[in-house]
Every structure is written in structure tokens, then in C-alpha cells.
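Written out below as C-alpha cells is the structure these notes cover.
Throughout, residue positions are numbered sequentially from 1 according to the sequence presented.
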Amino acid sequence: MAAIALLVTEAGGTVTDRLGAAQRYDRPVNGCILSNGRVHEELVRAWTQDYVPRR
């Protein structure tokens, strides 16, 4: 995931976890949203509306 995130970021896109927080790789990854950056906030809102965290 880190390699893909690097490519997307270098191309001008945005990468966050499924809640819109910065993607971290020093703990379990909490999903991943990758976008061109322009629609990222909308994708995060759409995903978090119905998201139920794992326990």
C-alpha cells in the first residue's frame, strides 16, 4: 500500500485512511482512500456515512 500511496501522492493525488486521516504504516492500516484529490473529501464523506469500525 505504501508504494501505491507514494505513486498517487507524487502524481498530485490524495491518500488517507477511510476516515480521512493521514495514512499510517506503523500500525494496522485502517482502509485506504486514493483519489485525484478533487473528489477526495466527497469520497471520505460517502464512506464514513455507513462505516462501522471493526473491534
Spell out, as yes or no, whether a donor-acceptor pair under 3.5 Å connects the side chain of Gln23 to the backbone of Gly31. yes
Which residues share a side chain to side chain contact (heavy atoms under 4.5 Å, CB included) with Leu43, sequence neighbours left out: Ile33, Ser35, Val39
Would you mind reporting whether Thr48 and Arg18 have side-chain heavy atoms less than 4.5 Å apart? no
If the condition is side chain to side chain contact (heavy atoms under 4.5 Å, CB included), which residues does Arg38 pass it with, not counting sequence neighbours? Asn36
Could you pull out all residues at least two apart from Thr16 that satisfy side-chain hydrogen bond (donor to acceptor under 3.5 Å, both in side chains)? His40
The side chain to side chain contact (heavy atoms under 4.5 Å, CB included) partners of Ile4 (sequence neighbours excluded) come to Val8, Leu34
Cys32 versus Trp47, closest heavy-atom pair with distance: O-CZ3, 3.7 Å
Non-neighbouring partners of Arg24 that pass salt bridge (Lys or Arg N to Asp or Glu O under 4.0 Å), sequence neighbours left out: Asp26
Between Val15 and Thr9 the two heavy atoms that sit nearest each other are CG2-OG1, 3.9 Å
